[in-house]
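Throughout, numbering of the chain's residues begins at 1 and tracks the sequence.
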Amino acid sequence: MIIPIKRDQDVQEWAIVELKGELSFGTKDITNSHYIGDFHFTKSGTPMLIIGIHVMYGKEMALTKPIAVLKKKSIPSTNQLGEEDSKTEYTIQAIVNKKIVFKFRPKPIINNIDI
């Protein structure tokens, strides 16, 4: 069986974000919320993730083997006998060449506390 893989004209480059530990939320229901925090790069190029009142600094690393992100598509067709058939086709959506690792504990952001 031959499964064709096509490449889009403008394939995006993605990165994997790797966190050590787990994220916990104040509420049990997080289905409607997709916002976790702010992701930035410092002027020196260090990745920085701000979650609530905590900041984490990471490191950008290259993957040993790139990963392709594929999208599956079924195409209806008819075979030589006139029967309906479907062919499966995959399209490359993005290539993952690097990962950003946050392996240190988050540091609290403290700003002018008056007691």
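The distance from atom CG of L49 to atom NE2 of H40, rounded to the nearest 0.5 Å, is 9.0 Å. K71 contributes atom NZ, which lies 7.5 Å from atom OG1 of T91 (distance to the nearest 0.5 angstrom). Atoms NZ and CZ, from K20 and R105 in turn, are 14.0 Å apart once rounded to the nearest 0.5 Å.
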Exercise for review: Test side-chain contact (heavy atoms from CB on, under 4.5 Å) on T88 and K73 and set out the steps.
Suggested key: CA-CA 6 Å; T88 302; K73 185 177 177 183; over 6 Å; no
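The shortest side-chain heavy-atom distance between P47 and I100 falls under the 4.5 Å cut-off. A 4.5 Å side-chain heavy-atom check between V17 and F102 finds at least one atom pair inside the cut-off. With contacts defined as side-chain heavy-atom distances shorter than 4.5 Å, the pair I109/H54 does not qualify.
Connection of Y57 to I50 is established within a shared hydrophobic cluster, with ILVMFWY side chains joined at heavy-atom distances below 4.5 Å, either directly or through further cluster members. Hydrophobic clustering of Ile, Leu, Val, Met, Phe, Trp and Tyr side chains at less than 4.5 Å, counting indirect connections, keeps V101 apart from L19.
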Atom pairs and distances, donor-acceptor, side-chain atoms in residues 58-70, under 3.5 Å, two or more places apart:
| residue | atom | partner | partner atom | Å |
| --- | --- | --- | --- | --- |
| E60 | OE2 | K98 | NZ | 3.2 |

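By the 6.0 Å contact criterion, CZ on F104 is open, its count of non-hydrogen atoms from other residues, nucleotides or ligands being 12 or less.
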